[in-house]
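Structure first, then comments.
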Amino acid sequence: MRNRELANIFIKIGDALEFKGEMPFKIAAYRKAARTLEDLTEDIEVLWKDGKLTSIPGVGKGIAKKIDEYLETGEMKKYKEAMEGISSDLLELLNIQGMGPKTLRIAHDTLGVSSRKDLEKVIKDGSLASLPGMGEKKVENIKKGLEVFSAEEKRISIGIALPLAEEVIDWIKQAGVERVAPAGSLRRMRETIGDIDILCASNRGGEIIDHFTNFARVERILAKGETKGSIIIKEGYQIDLRVVPEECFGAALQYFTGSKPHNIKLRSIARQKGLKISEYGIFKGNNKIAGREEEEIYSTLGLAWIPPELREDRGEIELGKAPELVDYDDIRGDFHIHSNYSDGVNSIKEIAEFAKGLGYEYIAITDHSKSAKYANGLDEKRLRKEMREIERVQEEVGIRIFRGTEVDILRDGSLDFDDNILQDLDIVIAAVHMFPKQDLTDVILKACSNPHVDAIAHPTGRLISRRQGYKVNINEVIECAASTNTALEINCYYDRLDLSDVNARRAKQSGAKIILSSDAHNLGMMKGMRFGVGVARRAWLSRSDVLNTFSAAQLESWLKERV
DNA sequence: GCCGTTTTCGGCCCGACTGTTTTCAGTCG
């Protein structure tokens, strides 16, 4: 899979051309192609071999030819040409807030700035401020931007951002406003969030913003005006609040939810109809014809309302109607929970009662297997004991509990338990818990092909905040899962969200079933399911793709039939 | 460089804000 590799090349070409002052639309074309490639569920090499490159949106004759050249020869003339006299260190500087292509160009040409160090130097010695069009304040902004830039990229997991946003929304509501909502990538349920965007309807902007900036954990107030406030809280996250009049709320919500490519496409549709969209509404000439409700924005353009999770310009607009997506209310159970038999903190009974309180029809208890020493993994004897306890609790609490295990996949692809005990369990999820340098694709494929394995847990092993995951060709795993009718897990723990939305969408297209699992080690973690639902929706999964929407009886027959 | 109920050329989303200017360019979302 070389999609990302090609996407990165086109991103660099875009940056390089921007630096060189090339036509903006050409630059946008490369970036659009890059983005499409990143999101593409098909393998670019397959499309290439089939001669279907130009069927990819944003890929025309020109870019197709460049992809062809690159896949054929490993090189791309256009890339070399664009990068002539330009280093990656230099292009990196374009990511600094306040530093655009024009500013970088002039700093490079007149002061020889081509790296972060150079930039720091010309800020310090005042030469940057002396350039035409520059001044002290601009330099100060770039300096601040450089500080943020240096502090590593800081995106927050949705699992941290969403509860935080809800806390802030509660605070804003105390100022006596009704309509307050998250916007931006948070509302689109992206896996990670840059800044937290919140939108509010009121005619008392200044007053609301004032109240907002008095939030308990404010560290610094960045901006405080009549319509917009911006704070940084103690944890280091930026939160922006915008206040608009009630009659603009829908338009503003649509606008600030984005994504940018989605909005661009909507606006071009509006333009074709002789309309104009802004965050204040849809206008025909000077007449506002929509804006209070978000649905109006879409319906005025002749479209059905589109769920925020889909708004990425990945075909959701052309579709004409919203696809049926799995919803949090559809979730009837949880497939991956640890009890105090291994490394969880709660008893099976506590878990069962809590699950019942969540409205679940069933859960699976899946403690670690014996090799997972660090997690107090169960040997066969303890697992048998646990199975008996599960049966008792099931009777007592009155919720279906599947007797399960999260069995370790060992280095040679064999499982940590033998068939004798696996066949006595209701559900077996298998997982890798090691991080060797070697590629684990074959190891996972072997486990996936084992008829006793019903699902592969956290298939790539990534942790959003701190590790990439093991070396694995996830597309091969997806294909294998589809062909062996083995489910793939979306692990809903906020720092995993593994599968990612892109991989989950690939899984759907391959026909693999998906399970959502909290991987809970305590009761609170069981509520993390909603983050995984976000991933599933972003992956366009419908109810029939997700086993958690099945009834207990349907599941039992699925588990029986798949072997 | 892409693309097509204004089609194979001539368009390509829109507005706010900022800081530098003295009417606007650059940057951002």
Side-chain angles (χ1 to χ4, degrees), chain A residues 10 13-14 16-19 21-36 53-67 78-79 82 93-107 128-142 144-145 148 183-188 193-197 199 222-230 238 240 242-244 248 251-252 254-283 297 301-302 311 313 317-318:
Chain A
F10 288 130
I13 292 178
L17 294 185
E18 184 170 50
F19 175 77
E22 180 60 89
M23 281 174 48
F25 296 113
K26 220 178 248 191
I27 298 160
Y30 280 109
R31 289 181 175 160
K32 186 181 161 115
R35 209 186 113 88
T36 316
L53 287 179
T54 51
S55 71
I56 304 168
V59 175
K61 262 196 195 162
I63 289 182
K65 209 171 151 201
K66 293 176 180 76
I67 294 174
K78 177 72 185 184
Y79 174 64
L93 299 178
L94 281 174
N95 296 322
I96 296 170
Q97 284 266 336
M99 176 68 91
K102 299 278 161 50
T103 310
L104 183 59
R105 182 65 192 269
I106 193 172
L128 186 62
S130 67
L131 293 177
M134 296 295 287
E136 268 185 35
K137 289 204 172 172
K138 274 197 172 176
V139 172
E140 188 56 33
N141 280 337
I142 291 172
K144 275 186 195 154
V148 176
S185 52
L186 183 60
R187 183 160 179 250
R188 302 201 311 278
I193 311 297
D195 302 333
I196 295 175
D197 289 314
L199 182 70
L222 295 176
K224 183 178 166 181
E226 286 296 307
T227 64
K228 188 183 161 181
S230 196
Q238 182 173 332
D240 296 335
R242 290 162 200 270
V243 185
V244 297
C248 301
Q254 195 288 315
Y255 175 78
F256 289 120
T257 297
S259 67
K260 187 175 171 178
H262 177 90
N263 284 356
I264 287 175
K265 185 151 285 176
L266 287 194
R267 282 164 196 228
S268 80
I269 291 173
R271 170 181 275 270
Q272 284 163 17
K273 293 179 183 287
L275 305 171
K276 200 179 70 174
I277 307 184
S278 76
E279 57 262 54
Y280 300 111
I282 299 191
F283 295 85
I297 304 298
L301 297 179
R311 300 183 193 170
D313 190 19
I317 295 170
E318 293 79 359

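Chain A is the first sequence line, chain B the second, and so forth, proteins listed ahead of strands; every chain is numbered from 1.
Pair assignment for B:dT8: none, as no Watson-Crick or G-U wobble contacts are both less than 3.5 Å.
Checked against B:dC14, B:dG1, B:dA16, the side chain of A:Lys78 finds its nearest nucleotide in B:dG1.
Partners of A:Ala29 under the side-chain contact (heavy atoms from CB on, under 4.5 Å) rule, at least two apart in sequence or in another chain, do not exist in this structure. Applying the side chain to side chain donor-acceptor pair (under 3.5 Å) criterion to A:Ser185, with sequence neighbours excluded, gives no partner residue. A:Ser278 meets the side chain to side chain donor-acceptor pair (under 3.5 Å) test with no other residue; sequence neighbours excluded. Legend: residues meeting side-chain contact (heavy atoms from CB on, under 4.5 Å) with A:Ala252, ordered by chain and number and at least two apart, are A:Leu199, A:Val244, A:Phe256.
When the C1' atom is used for both B:dC2 and B:dA16, the distance is 29 Å, rounded to whole Å.
Computed from coordinates, the A:Leu275 CG to B:dG15 P distance equals 13 Å when rounded to whole Å. Remark: P of B:dG15 and CD of A:Gln254 are 14 Å apart, rounded to the nearest angstrom. In this structure, CE of A:Met23 is placed 12 Å from P of B:dC2, rounded to the nearest angstrom. At whole-Å resolution of the value, CD in A:Gln272 and C1' in B:dG10 are 14 Å apart.
Two residues, A:Lys276 and A:Gly60, neighbour DNA chain B, and the one matched to the more 5' nucleotide by heavy-atom proximity is A:Gly60.
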Return a table of donor-acceptor pairs under 3.5 angstrom between the side chains of residues 259-267 of chain A and protein atoms on other chains or two or more places apart.
| from | atom 1 | to | atom 2 | distance (Å) |
| --- | --- | --- | --- | --- |
| A:Ser259 | OG | A:His262 | N | 3.4 |
| A:Ser259 | OG | A:Arg311 | O | 2.9 |
| A:His262 | ND1 | A:Glu316 | OE2 | 2.7 |
| A:His262 | NE2 | A:Tyr298 | OH | 2.9 |
| A:Asn263 | OD1 | A:Gln254 | NE2 | 3.0 |
| A:Asn263 | ND2 | A:Tyr255 | O | 3.0 |
| A:Lys265 | NZ | A:Asp313 | OD1 | 3.1 |
| A:Lys265 | NZ | A:Glu318 | OE2 | 2.9 |

Per-nucleotide protein contact along nucleotides 17-29 of chain B, 5' to 3', at a 4.0 Å heavy-atom cut-off (B base, S sugar-phosphate only, - neither), is --SS-----SSSB
